[in-house]
There are 2 protein chains.
Amino acid sequence: MNYSISEENYLKAIYLLQSDGNLVTTNALALELETSASSVTDMLKKLKQKKLLHYQPYRGFKLSMDGRKVALDIVRRHRLWEYFLSEKLKFKWDEVHELAEELEHVNNKKLTDRLDEYLGHPKFDPHGDPIPDSFGKMVKTPLIKLSQLTENKTAEVYNVGNQSTEILHLLKHHKIQIGTRLEVKRIFPFDHSMEIKVKSLSPITISEQLAENIYVKIL
Amino acid sequence: MNYSISEENYLKAIYLLQSDGNLVTTNALALELETSASSVTDMLKKLKQKKLLHYQPYRGFKLSMDGRKVALDIVRRHRLWEYFLSEKLKFKWDEVHELAEELEHVNNKKLTDRLDEYLGHPKFDPHGDPIPDSFGKMVKTPLIKLSQLTENKTAEVYNVGNQSTEILHLLKHHKIQIGTRLEVKRIFPFDHSMEIKVKSLSPITISEQLAENIYVKIL
DNA sequence: AATTATTTTTAGGTTTGTCTAAAATAATAT
DNA sequence: ATATTATTTTAGACAAACCTAAAAATAATT
Ligand SMILES: [Mn+2]
Ligand SMILES: [Mn+2]
Ligand SMILES: [Mn+2]
Ligand SMILES: [Mn+2]
């Protein structure tokens with residue numbers, strides 16, 4: 001019923017990695033959590049024993065129903081705190097993740113629900129990710145990657161598929177954030193880089209790698 | 001520069017126990033932290049090595065200047081979160097301590113300062129304890145124990161010298177809280193119990209033990 | 001001052017979460 | 001099909017924070 005900070009970090013990371021339902025690998029999780037593969041294996045055994053995980057040695061793993069429920073609650077707390085930090089304490093959207101990474105581990109249902117209420121039951125965190133409600137339900141928006149757009153399409157930025165400070169700094173430099181409207185001007189076949197126009201600024205060119213990590217809604 | 005949750009809990013407990021500057025004993029700290037005396041000794045060695053403590057084996061201990069500084073910062077975070085929970089999330093004053101006990105360990109100067117600012121730089125937490133500012137400074141009010149009052153004196157409750165849920169529940173039952181005005185009607189020499197009148201309610205009798213733990217300002 | 005009681009420390013273990021290096025298994029290439 | 005490479009697990013260790021039981025130091029009594 002109550003999990004350690006480490007267990008919680010593992011559960012959340014597995015949830016995020018498996019998003020589309022496929023199995024997660026030991027190495028992928030080790031990379032995500034910046035730890036060794038052997039540490040991951042140790043934890044997998046423990047989480048399996050607690051029935052939070054479906055895990056066959058060497059074959060990969062994914063969360064059980066129970067594990068998913070726990071993970072969704074951690075994600076809920078994480079994103080609510082991010083919203084609080086951004087909305088109430090005026091932190092920039094690239095500063096909130098690191099702090100929420102700690103606040104998420106204060107596990108108290110009444111606190112979470114009161115915070116949710118105080119914030120007005122927000123549906124999205126500052127990065128555009130949906131916030132699960134107390135039943136684990138959340139809205140899903142039909143988002144596509146910026147890299148999937150064709151020339152002359154206009155779209156609004158809704159989400160970023162990667163929370164590293166590196167990408168957030170790059171986005172800041174390009175003056176791209178959640179809610180930004182942009183127009184695809186050209187796509188260069190050689191490296192699939194894109195020329196885009198953000199608001200009334202002069203056009204900029206972004207890499208395919210970056211476009212792969214920006215989720216938008218077509219306007 | 002960065003301490004574990006356990007180290008922080010020890011530092012804060014030592015700070016609170018030594019309040020008036022005298023040495024703290026191993027057993028007193030073990031009692032406060034609900035742990036064994038041998039565990040306390042282990043931690044004392046570590047904190048001494050980190051120069052946060054003045055400690056002579058068998059003789060007792062107290063915080064060094066550095067240790068006091070760290071402890072004050074933890075106390076600051078604890079009391080700011082208590083204020084937040086009480087003021088913004090509408091928690092009752094007997095519910096906030098337990099939650100703040102966890103939130104206090106999220107150690108980030110910018111977060112603490114932003115929270116302080118967001119709350120309007122409050123001077124007292126919901127239990128009437130002063131909140132240190134970012135330099136560790138706090139106001140000190142000239143409070144006396146309710147048990148020190150004489151008959152027919154009127155006073156206002158400012159603080160409770162004990163954060164146990166037991167005392168908070170008893171106070172709730174007697175309808176006594178921070179800010180309550182009360183009048184001492186009679187003091188019974190046999191057991192030093194006190195008859196007091198709270199607002200316009202009919203008089204009640206409280207034990208000496210309780211009166212020892214209620215701090216008031218004479219009106 | 002000697003004995004007894006209390007307090008504190010030490011000795012030796014346990015659990016959790018981590019690590020490196022070696023062994024086992026699976027995937028890929030020849 | 002075998003050999004090579006990559007991935008994953010196991011083996012064995014370590015640090016942090018806790019424990020109980022025994023020993024040592026201090027304090028209180030007689
Ligand atoms: Mn975390
Ligand atoms: Mn987020
Ligand atoms: Mn605490
Ligand atoms: Mn308090």
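Reminder, nothing fancy here: chain letters follow the sequence lines and each chain counts from 1. Please read all numbers here as calculations on a predicted model, not as lab measurements.
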Where do N or O atoms of nucleotides 18-22 of chain C meet protein N or O atoms at under 3.5 Å, pair by pair?
{"from": "dT18(C)", "atom 1": "OP1", "to": "Ser6(A)", "atom 2": "OG", "distance (Å)": "3.1"}
{"from": "dT18(C)", "atom 1": "O4", "to": "Asp42(A)", "atom 2": "OD2", "distance (Å)": "3.4"}
{"from": "dC19(C)", "atom 1": "OP2", "to": "Thr35(A)", "atom 2": "OG1", "distance (Å)": "2.6"}
{"from": "dC19(C)", "atom 1": "OP2", "to": "Ser36(A)", "atom 2": "N", "distance (Å)": "3.2"}
{"from": "dC19(C)", "atom 1": "OP2", "to": "Ser36(A)", "atom 2": "OG", "distance (Å)": "3.1"}
{"from": "dC19(C)", "atom 1": "OP2", "to": "Ser39(A)", "atom 2": "OG", "distance (Å)": "2.6"}
{"from": "dT20(C)", "atom 1": "O4", "to": "Ser38(A)", "atom 2": "OG", "distance (Å)": "2.8"}

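- Not counting sequence neighbours, the partners of Ser164(B) by the side chain to side chain donor-acceptor pair (under 3.5 Å) test are Asn162(B).
- In this model, the phosphate group of dT8(C) is approached by a side-chain N or O of Asn27(B) to a distance below 4.0 Å at OP1 or OP2.
- Per the geometry, CG belonging to Leu23(A) stands 15 Å off C1' belonging to dA26(C), to the nearest Å.
- Atom CD1 in Ile5(B) sits roughly 11 Å away from atom P in dC18(D) (whole-Å rounding).
- Put simply, Tyr55(A) has a side-chain N or O that comes within less than 4.0 Å of OP1 or OP2 on dT9(D).
- When the P atom of dA16(D) is taken as reference, atom CG of Leu47(B) falls 12 Å away, rounded to whole Å.
- Listed by first and then second residue, the salt bridge (Lys or Arg N to Asp or Glu O under 4.0 Å) pairs involving residues 114-128 of chain B are Arg76(B)-Asp116(B), Arg79(B)-Asp125(B) (not counting sequence neighbours).
- Residue Glu7(B) contributes atom CD, which lies 9 Å from atom P of dA16(D) at whole-angstrom precision.
- Less than 4.0 Å separates DNA chain C from at least one heavy atom of each of the following residues of residues 56-63 of chain A: Tyr58(A), Arg59(A).
- In terms of the side chain to side chain contact (heavy atoms under 4.5 Å, CB included) criterion, residue partners of Val106(B) (sequence neighbours excluded) are, by chain and number, Glu102(A), Leu103(A), Leu111(B).
- When the options Asp113(A), Thr112(A), Asn107(A) are evaluated for a side-chain hydrogen bond (donor to acceptor under 3.5 Å, both in side chains) with Lys109(A), the one that passes is Asp113(A).
- For the pair Leu31(A) CG and dA6(D) P, the computed distance is 16 Å after rounding to whole Å.
- Contact annotation: Thr41(B) side-chain N/O to dT10(C) OP1/OP2 distance is not under 4.0 Å.
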Give every donor-acceptor pair under 3.5 Å between a side-chain atom in residues 23-34 of chain A and any protein atom, sequence neighbours left out.
{"from": "Thr25(A)", "atom 1": "OG1", "to": "Ala28(A)", "atom 2": "N", "distance (Å)": "3.2"}

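- Judged purely by distance below 3.5 Å, without hydrogens or angles, the side chains of Ser4(B) and Ser6(B) never pair a donor atom with an acceptor atom.
- With sequence neighbours excluded, the residues satisfying side chain to side chain contact (heavy atoms under 4.5 Å, CB included) with Tyr15(A) are Leu63(A), Arg68(A), Ala71(A), Leu72(A), Val75(A), Met138(A).
- Annotation: side chain to side chain contact (heavy atoms under 4.5 Å, CB included) contacts of Lys88(A) (sequence neighbours excluded): Phe84(A), Tyr118(A), Leu119(A), Tyr118(B).
- Looking at residues two or more places apart in sequence or on another chain, you find a side chain to side chain contact (heavy atoms under 4.5 Å, CB included) between His192(B) and Glu208(B).
- One finds no side-chain N or O of Lys45(A) lying less than 4.0 angstrom from the OP1 or OP2 phosphate oxygen of dT9(D).
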